[in-house]
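Down below is the structure, laid out as structure tokens.
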Amino acid sequence: MSYRLFVITLVIGLGLGFLTAHMMIEGQAFSTYRLGPWVTSPDLGDAEATPYARAYRAKHAILENTGRDSLTFVARQDDQGRALDGRCTYLIHGRITTAGWWTLRTTNRFPRGKSSDEAAGTYLNNMNTAQNVDGEISVMAGPRPRPGSWISTPEGNFAIVMSLYDAPFARNLLTTRSSVPSITRLECS
Amino acid sequence: MIKWIFTIISALFLAGGVHALAVLSLPYLADTSLRAQILNAEISHNRFYTLEELNQRGVRLSGHDPNMKIAICPVDLSEAPVSVFAPLFPGYWSISIFDGAMNNITVFNKSSFLNASSQIVLGAEARDAILASDDTIISVILPDVEGYAVLRLMAGLEYFEDEAAQVLRSARCGRWSGN
């Protein structure tokens, strides 16, 4: 092989190798489940996690409980597949089932982003959020306060993070779309 | 033409090898991992640190829930087993045990922790496997001498915030002196 072809081999091989590794680690390849707009990695904290999940954990310094105790769902889109935009107001509606405790928050990036709730002080959890007789929540997420349950949204694209705790049966949710809330865009300013 | 085909195939094989090496070695080499951050920050083992204290020492976690008050005890089992204790709390609480590779070994929480007076004792597999037969403690045997105990509290309501802070201050993680 000529020197030129050797260099080309090296450049393509190294570049492609690192690029695909980065993409698959960030995407937690072979580790995620999707329920509508919600994505979760139930095995992220487990010893049986995929190599991609373990690399993701180490890269971002994540200490995640096993999916047999808790689950974290992240939504970066609404139910229609549009990216969540901080200029818009969304309705998060439905039941959060099979969890003794849960929290809901928004963040400009996940996992390394800043939670806008920390600035606005709008933390929502199962103790301070109203539920109807069917156990459903109706939470508004938007840039301006609304009556009822409301969480603030950061500027630009953002993510909604729903964390379930003391949820030993939460893995059973992973096949039932109706067991997680819907995210509907209402209006944009 | 043949040379170019050979070049592309060689490049793909090289890419596959680099990909596998990068993915498998990252947990051990990343200076962003919790283990590396704690080593670099020269943090003492076998005591609880709140997230604020860790941040002040340059140790940062990602993805943690701001609704939760969190304290982490980097555990060193090289000399003796370590016991973990936290006062009970009316809101949500959990004590999670991780091995040195940040794999979650087990979780104790409000629902699963049936005996409020039991101690949680962490031991190293090579030396302390006998602890598993002791009925007076709840033993967790780690595969190696390093690990983490993570205490999480969620007050849920402002009413319980002060009590949550008190529980964090009272939490203990230290050398177990035995019964």
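In what follows, chains carry the letters A, B, and so on, assigned in the order in which the sequence lines appear, proteins first and then strands, with residues in each chain numbered from 1.
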Go through the side-chain N and O atoms of B/Gln37 and B/Thr32 and say whether any donor and acceptor fall under 3.5 Å apart.
-> no
How would you list, by chain and number, every residue that makes a ring pair (Phe, Tyr, Trp, His ring centres under 6.0 Å) with A/Tyr52, sequence neighbours excluded?
-> A/Phe30, B/His19
Could A/Arg146 and A/Glu187 be called an ion pair, given the rule that one side-chain N must be under 4.0 Å from one carboxylate O?
-> yes
Looking only at A/Leu63, A/Val161, A/Thr129, A/Asn126, the option with the highest number of non-hydrogen pairs under 4.5 Å against chain B is A/Leu63
Bottom line for B/Tyr92: the part with an atom under 4.5 Å from chain A's heavy atoms is both
Under 3.5 Å side-chain donor-acceptor pair for B/Asp31 and B/Asn40 = no
Can any side-chain N or O of A/Ser152 pair as donor or acceptor with the backbone N or O of A/Pro143 at less than 3.5 Å?
-> no
Please state whether the side chain, the backbone, both or neither of A/Leu19 comes within less than 4.5 Å of a heavy atom of chain B.
-> neither
Determine whether A/Lys59 and A/Tyr56 make a side-chain contact, defined as any pair of heavy atoms from C-beta on separated by less than 4.5 Å.
-> no
Test log, rule salt bridge (charged side-chain N to carboxylate O under 4.0 Å, His left out), inputs B/Glu42 and B/Arg57 = CA-CA 9 Å; B/Glu42 298 178 341; B/Arg57 290 165 167 81; over 6 Å; no
Okay, B/Ser94 and chain A: the region with an atom under 4.5 Å from a heavy atom over there is side chain
Under 3.5 Å: donor-acceptor pair, side chain of B/Asp128, backbone of B/Leu131 = no
Among A/Leu14, A/Asn125, A/Ile12, A/Val11, residue most engaged with chain B (heavy-atom pairs, under 4.5 Å) | A/Asn125
Would you say the side-chain atoms of B/His45 and B/Glu79 include a donor-acceptor pair closer than 3.5 Å?
-> no
Side chain from CB out, backbone as N, CA, C, O: work out which of these in A/Thr20 comes under 4.5 Å of a heavy atom of chain B, or both, or neither.
-> both
Output the residues of residues 144-152 of chain B for which the shortest heavy-atom distance to chain A is under 4.5 Å, in residue-number order; output 'none' if no such residue exists.
-> B/Val150, B/Arg152
Option that, when pairs with chain B are counted at under 4.5 Å, heavy atom only, ranks first among A/Glu64, A/His22, A/Arg57, A/Met127 = A/Arg57
The interface call for A/Ile25 against chain B, heavy-atom contacts under 4.5 Å, is side chain
Heavy-atom distance under 4.5 Å to chain B: side chain of A/Glu48, backbone, both or neither?
-> neither
Residue B/Ile105 versus chain A: region with a heavy atom under 4.5 Å = neither
Side chain, backbone, both or neither: which part of B/Phe160 has a heavy atom under 4.5 Å from chain A?
-> side chain
State whether A/Glu155 and A/Arg87 are salt-bridged, where the test is any N-O pair (Lys NZ or Arg NE/NH1/NH2 against Asp/Glu carboxylate O) under 4.0 Å.
-> no
Winner by heavy-atom pair count (cut-off under 4.5 Å) against chain A, out of B/Leu34, B/Val23, B/Asp65 = B/Asp65
Counting N and O atoms only, with roles assigned by atom type, does the side chain of B/Tyr49 sit under 3.5 Å from a partner on the main chain of B/Ser44, one being a donor and the other an acceptor?
-> yes
Residue part contacting chain B, namely of A/Asp46, when any heavy atom lies under 4.5 Å | backbone
Aromatic rings A/Phe73 and A/Trp38: how do their planes relate, parallel, tilted or perpendicular, breaks at 30° and 60°?
-> perpendicular
